[in-house]
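Before any comments, here is the structure.
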Amino acid sequence: MKKEISLIINDIKHDILVESNRTLQELLSKQLDLTGTKHGCGTGDCGACTVIVDGNAVCSCLVLAVEVNGSRILTVEGLKKDRKLSELQQVFLDLGAFQCGFCTPGMLMSAKALLDSNSCPSIEDIKRAIAGNLCRCTGYTKIVDAIKTVGHDNN
Amino acid sequence: MRLQDFDYYLPNNLEEAISIFSNEDSSKLLGGGTDLLIKMKKGIVKPVAVIDLKGLKNILNFISYEKDKNCIIIGATTSLQDIAKSPIITKYLPVLAEAAISVGSLQIRNKGTIGGNICNASPAADTAPALLAYGAEVVMYGSNGKRSIPLSKFFVGPEKTTMGEKEILTEIIVPVANESNGTYIKLASRKAMDISIASIAIIVFSSPSEVKEIQIALGSVAPTAVLVKGIQVIYDGSEPLNSKTIKKIGKLSVEQISPITDHRASAAYRSEMVFNLVCRVVGELTLAGGKKYEERN
């Protein structure tokens with residue numbers, strides 16, 4: 001079943017015709033070429049598809065595109081401003097908080113959601129915020145440090 | 001894992017939702033989608049129609065404190081994260097807040113709903129033991145109208161409830177436990193993103209000087225969440241609690257479960273953990289002056 005939806009993605013309004021069985025992850029990465037939102041497990045376990053919908057971090061693989069009609073979505077592509085990386089992204093780069101980079105967009109979105117609600121989170125706050133994001137490469141330490149550093153800079 | 005095609009409905013009111021649900025033979029209700037979409041992707045369910053309850057959020061997505069009835073009413077599509085962080089829930093139903101925040105991850109809690117957690121009726125559903133211990137009631141609507149039942153009469157087996165096939169759970173009514181202390185323990189291999197090996201909700205009702213009543217509910221150790229019966233027979237509040245009585249309560253709890261052995265734990269381990277945790281937590285909540293159980297961390 002096709003449905004007309006209207007939503008704002010990274011501050012840009014989109015009016016799109018979608019199939020009801022299209023997930024938000026598929027809409028973003030396949031239909032809109034915003035390939036930063038990765039398909040990992042497809043069942044909400046790995047967090048690689050994390051985006052922010054109306055201020056809340058969610059797994060886009062478990063969201064139907066039709067569900068977000070009228071919503072505001074932020075993807076990893078929306079973090080940079082005027083072609084410049086956000087402080088969060090820059091700190092991840094500077095501290096080496098990634099290796100293969102596959103989990104990184106999801107990690108950045110979970111971090112962004114956290115920092116938007118708590119600008120100076122504790123280590124425990126950070127670990128809780130990224131509990132739904134799996135990383136097979138880094139062992140998480142540098143990711144937590146990077147988020148803590150941004151929080152510290154906010155202070 | 002592609003979803004098969006389905007008709008998508010977004011009803012504006014309850015009557016419309018019930019009407020579509022009753023008329024569409026193979027249809028499913030969509031709350032948060034964190035269980036439904038996984039089942040659809042795996043082909044476990046193949047609904048021809050999906051009815052999104054987001055259109056009813058003004059009547060299904062809320063938490064309110066009814067002072068005159070001394071109860072909290074929670075709309076069925078309230079997210080687990082909203083419940084975990086709600087000032088009303090953390091103040092009046094703290095064990096439910098603890099249970100809600102133990103579910104999954106932030107991403108899952110931002111979408112998953114309390115109604116979905118109950119209606120999926122997993123034996124491991126985290127909100128179930130907390131709601132049972134608080135004495136919750138559930139309200140349902142179908143084409144025959146409204147009815148409400150105690151949650152203790154709701155679960156009948158793994159993923160089986162006494163809900164009619166075409167009924168919609170709309171709200172959960174929880175009496176406020178004045179003068180009580182309690183906690184929810186989720187025993188699991190991981191600190192997040194896990195299904196419990198055993199879960200325990202304990203609420204101790206007490207006046208400033210003595211313990212009056214203890215409610216214990218258990219998850220993941222039986223085909224459904226279990227509200228332990230007969231604690232009053234062992235302890236009725238007329239005498240101070242002692243460790244002998246606490247052990248009897250622990251033993252009573254174990255007698256009422258029927259755990260299985262699976263890849264998470266053996267039945268024997270689950271029974272032993274229920275006994276140990278019930279004794280420890282009841283002890284801490286009563287003898288140790290209300291000090292709460294400190295989770296490992």
Side-chain angles (χ1 to χ4, degrees), chain A residues 1-5 18-26 30 39-71 106-107 109-114 117-118 123-134, chain B residues 1-10 24 27-28 30-44 46-55 57 61 77 79-82 84-85 101-113 116 188 190-195 295 297:
Chain A
M1 181 190 239
K2 281 187 159 50
K3 286 269 179 195
E4 186 78 54
I5 62 169
V18 289
E19 283 285 353
S20 56
N21 63 352
R22 191 71 129 169
T23 65
L24 178 59
Q25 191 276 326
E26 288 166 343
K30 295 191 172 132
H39 172 88
C41 66
T43 53
D45 289 302
C46 74
C49 66
T50 305
V51 295
I52 299 178
V53 175
D54 297 327
N56 290 327
V58 295
C59 286
S60 57
C61 68
L62 294 183
V63 179
L64 296 173
V66 290
E67 281 185 80
V68 291
N69 183 25
S71 288
M107 285 287 183
M109 299 323 293
S110 288
K112 168 86 175 130
L114 172 68
S117 69
N118 178 356
I123 300 279
E124 271 317 302
D125 292 332
I126 294 168
K127 286 182 179 177
R128 205 172 298 123
I130 64 169
N133 294 81
L134 297 180
Chain B
M1 266 185 293
R2 293 295 317 276
L3 292 166
Q4 82 276 25
D5 198 21
F6 52 84
D7 288 336
Y8 170 81
Y9 294 97
L10 184 64
E24 289 277 0
S27 56
K28 286 284 179 188
L30 175 62
T34 53
D35 278 317
L36 179 64
L37 257 65
I38 293 173
K39 285 183 176 161
M40 285 171 69
K41 286 184 179 196
K42 290 183 175 176
I44 296 168
K46 296 174 188 172
V48 163
V50 168
I51 302 162
D52 192 347
L53 296 174
K54 266 185 234 35
K57 45 173 178 263
N61 189 342
T77 65
S79 76
L80 293 165
Q81 185 66 12
D82 282 350
K85 293 298 176 186
I101 205 156
S102 77
V103 175
S105 63
L106 179 62
Q107 292 96 315
I108 296 294
R109 292 191 298 275
N110 274 334
K111 286 223 81 212
T113 64
R190 295 187 287 272
K191 290 179 198 170
M193 291 304 281
D194 209 351
I195 291 172
E295 287 186 292
N297 178 8

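No experiment lies behind these values; they were computed from the predicted model shown. Letters A, B, ... are given to chains in the order of the sequence lines, protein chains preceding strands, and every chain is numbered from 1.
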(message) Would you say A:S71 and A:D54 are linked by a side-chain donor-acceptor pair, where the criterion is simply a distance under 3.5 Å?
(response) yes
(request) Answer with side chain, backbone, both or neither: which region of B:L30 has an atom nearer than 4.5 Å to a non-hydrogen atom of chain A? (result) side chain
(request) Could you look at B:D52 and say if it's the side chain, the backbone, both or neither that has a heavy atom under 4.5 Å from chain A? (result) side chain
(message) Which one wins on heavy-atom pair count under 4.5 Å against chain A: B:L106, B:D7, B:T34?
(response) B:D7
(message) Could you check whether atom NZ of B:K41 has more than 12 heavy atoms from other residues, nucleotides or ligands sitting under 6.0 Å from it?
(response) yes
(message) Tell me if the NZ atom of B:K46 is crowded by more than 12 foreign heavy atoms within 6.0 Å.
(response) no
(message) With a sphere of 6.0 Å drawn around NZ of A:K112, does it hold more than 12 non-hydrogen atoms of other residues, nucleotides or ligands?
(response) no
(message) Between A:L24 and A:V53, is there a side-chain heavy-atom distance shorter than 4.5 Å?
(response) yes
(message) Under 4.5 Å from any heavy atom of chain B, what part of A:L64 do you find: side chain, backbone, both or neither?
(response) both
(request) Flag the one option from A:K127, A:M1, A:M109 with the top tally of heavy-atom pairs under 4.5 Å to chain B. (result) A:M1
(message) So for A:E26, is it side chain, backbone, both, or neither that comes closer than 4.5 Å to the heavy atoms of chain B?
(response) side chain
(request) Indicate the atoms forming the closest heavy-atom contact of A:G44 with A:L62, along with that distance. (result) CA-CD1, 3.8 Å
(message) Using a 4.5 angstrom heavy-atom cutoff, name the option from B:R109, B:M40, B:K54 with the most pairs to chain A.
(response) B:K54
(request) Sort A:C46 into side chain, backbone, both or neither according to what part of it lies under 4.5 angstrom from a heavy atom of chain B. (result) neither
(message) Less than 4.5 Å to any heavy atom of chain A: does that hold for the side chain of B:Q4, its backbone, both, or neither?
(response) backbone
